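To start, the structure itself, in structure tokens.
Below, all heavy atoms of this structure are taken into account, side chains as well, without hydrogens, waters or symmetry copies. Here the structure is a predicted model, which means the values were calculated and not measured.
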Amino acid sequence: MAATTQQTILYPETDGQPMAENTKPFECITTLKSNLERIFLHEPGVFVAGDLFWYPVEGRPDIRQAPDVMVVFGRPKGHRSSYLQWQEGNVALQVVFEIASPSNRPEEWQEKLRFYEAYGVEEYYIYDPEKSEWRGWIRHQAKLVPICSMEGWVSPRLGVRFGQASGTEMGLTAPDSSPFWSFVELSERAARLAQRLRELGVNPDEI
């Protein structure tokens, strides 16, 4: 399927490529997206998405990227088949995350950096799950400049703190000081809490 403008220009919704090459990058993507959605759950003007095509220029379906995770402030939540910027108040993505996979080549990262720099991204982060390593860039005027040290860095837009990543831990902390939990970890914590409440004579379903 594809989105269509009045000029009948097609903006494809998929390129037929998988979202991630193996389970580790996929888990990172889902953990990032779900925790960012949790952080901005009660803010209707923050849109979070994953693996969604972004078309910044009307009439140019060849100009596009599909960030692993994107955050857009000033746009409503809701489902979209792609992010057509001219239909979104011309609001560009402000924060973009990419998760490295084994097949990624250096020239791919350079191309993505140039794209995000050219089309207004304010913060750009790459996580390599094999190395447990973060890299980041922040906009300074018309350029995305490298962040010297990611450990201790706090995203100006998200309020998320970057710490030491290791193993399955991405090293991210939400503004309320809670870590970025995976879906499984959140489920386990909820189950333990429910069990503890039952031991105290409280029905968790009534809370």
* **side chain to side chain contact (heavy atoms under 4.5 Å, CB included) partners of Gln141, counting only residues at least two apart** => none
* How far does CD1 of Ile126 sit from CH2 of Trp109, to the nearest 0.5 angstrom? -> 4.5 Å
* Asked: Does any pair with a residue in residues 119-129 pass salt bridge (Lys or Arg N to Asp or Glu O under 4.0 Å), and if so which ones, sequence neighbours excluded?
  -> Glu122-Arg157
* Asked: Judged by atom type as modelled, is there a donor-acceptor pair below 3.5 Å linking the side chain of Trp134 to the main-chain atoms of Met170?
  -> yes
* **Rounded distance (nearest 0.5 Å) linking atom OG1 of Thr30 with atom CG of Asn35** => 9.5 Å
* salt bridge (Lys or Arg N to Asp or Glu O under 4.0 Å) partners of residues 131-146, not counting sequence neighbours, each pair once -> Glu117-Lys143
* Residues that Arg161 engages under salt bridge (charged side-chain N to carboxylate O under 4.0 Å, His left out), provided they are two or more places apart -> none
* **Hphob cluster co-occupancy, Val96 + Tyr83, side-chain heavy atoms under 4.5 angstrom** => yes
* Distance-minimising heavy-atom pair for Arg64 and Pro12 -> NH1-CG, 3.6 Å
* **Steps toward side-chain contact (heavy atoms from CB on, under 4.5 Å) verdict (Glu111, Arg114)** => CA-CA 5 Å; Glu111 181 183 345; Arg114 287 193 295 268; 4.1 Å; yes
* Glu98: partners by salt bridge (charged side-chain N to carboxylate O under 4.0 Å, His left out), with sequence neighbours left out -> Lys112
* Asked: Below 4.5 Å, heavy atoms only, C-beta onward: do Phe73 and Leu158 meet side chain to side chain?
  -> yes
* CG/Leu36 to OG/Ser155 distance, rounded to the nearest 0.5 angstrom? -> 9.0 Å
* What about the rings of Tyr125 and Phe162, do their centers lie closer together than 6.0 Å? -> yes
* Looking at side-chain heavy atoms only, is the closest gap between Gln85 and Tyr55 below 4.5 Å? -> no
* Would Glu169 and Gln164 count as a side-chain contact (heavy atoms from CB on, under 4.5 Å) if you check the C-alpha gap in whole Å, the side-chain angles of each, and the deciding distance to 0.1 Å? -> CA-CA 8 Å; Glu169 300 293 331; Gln164 182 63 51; over 6 Å; no
* Answer with yes or no after comparing the ring centroid distance for Trp54 and Phe115 against a 6.0 Å cut-off, counting only values under it. => yes
* **Same apolar cluster (I L V M F W Y, side chains within < 4.5 Å links), Phe40/Val72** => no
* To do: Flag the pair Leu144 / Ile138 as yes when at least one side-chain heavy-atom distance between them is below 4.5 Å, and no otherwise.
  => no
* Return the set of residues passing side chain to side chain contact (heavy atoms under 4.5 Å, CB included) with Ala174 (not counting sequence neighbours), or none when no residue passes. => Arg38, Ile39, Asp176, Ser178, Phe180
* Ile63 to Pro56 - nearest heavy-atom pair and separation -> O-CD, 3.4 Å
* Asked: Do Arg75's NZ or CZ and the ring of Phe47 fall within the cation-pi criteria of under 6.0 Å and 45°?
  -> no
* **Side chain to side chain, Leu93 and Tyr116, heavy atoms closer than 4.5 Å** => no
* Roughly how far, to the nearest 0.5 Å, is OG of Ser132 from OH of Tyr127? -> 4.0 Å
* What's the shortest heavy-atom distance between Pro25 and Ser101, and which atoms? -> CG-OG, 3.9 Å
* To do: Determine yes or no for a side-chain-to-main-chain donor-acceptor pair under 3.5 angstrom, with Lys77 supplying the side chain and Glu43 the backbone.
  => yes
* To do: Any chance you could measure Ile99, atom CD1, to Glu130, atom CD, to the nearest 0.5 Å?
  => 12.0 Å
* Asked: Looking at Phe97 versus Tyr124, is the centre-to-centre ring distance below 6.0 Å?
  -> no
* Asked: Taking a hydrophobic cluster as the set of Ile, Leu, Val, Met, Phe, Trp and Tyr residues connected by side-chain heavy atoms closer than 4.5 Å, whether directly or through intermediates, do Ile9 and Trp86 fall within one such cluster?
  -> yes
* Compare all side-chain heavy atoms of Trp137 with those of Val121 and state whether any distance is below 4.5 angstrom. => no
* Asked: Should Tyr119 and Val69 be regarded as members of a common hydrophobic cluster, given that ILVMFWY residues are connected when their side-chain heavy atoms come within less than 4.5 Å of each other, either directly or indirectly?
  -> no
* Near Glu108 CD, under 6.0 Å, is it more than 12 heavy atoms from other residues, nucleotides or ligands? -> yes
* To do: With the side chain counted from C-beta on, respond yes when Gln94 and Met70 share a heavy-atom pair under 4.5 Å apart, and no when they do not.
  => no
* With rounding to the nearest 0.5 Å, note down the distance linking CE in Met150 to CG in Leu172. => 8.0 Å
* Do Val145 and Trp153 share a hydrophobic cluster, counting only Ile, Leu, Val, Met, Phe, Trp and Tyr and linking them when any side-chain heavy atoms are less than 4.5 Å apart? -> yes
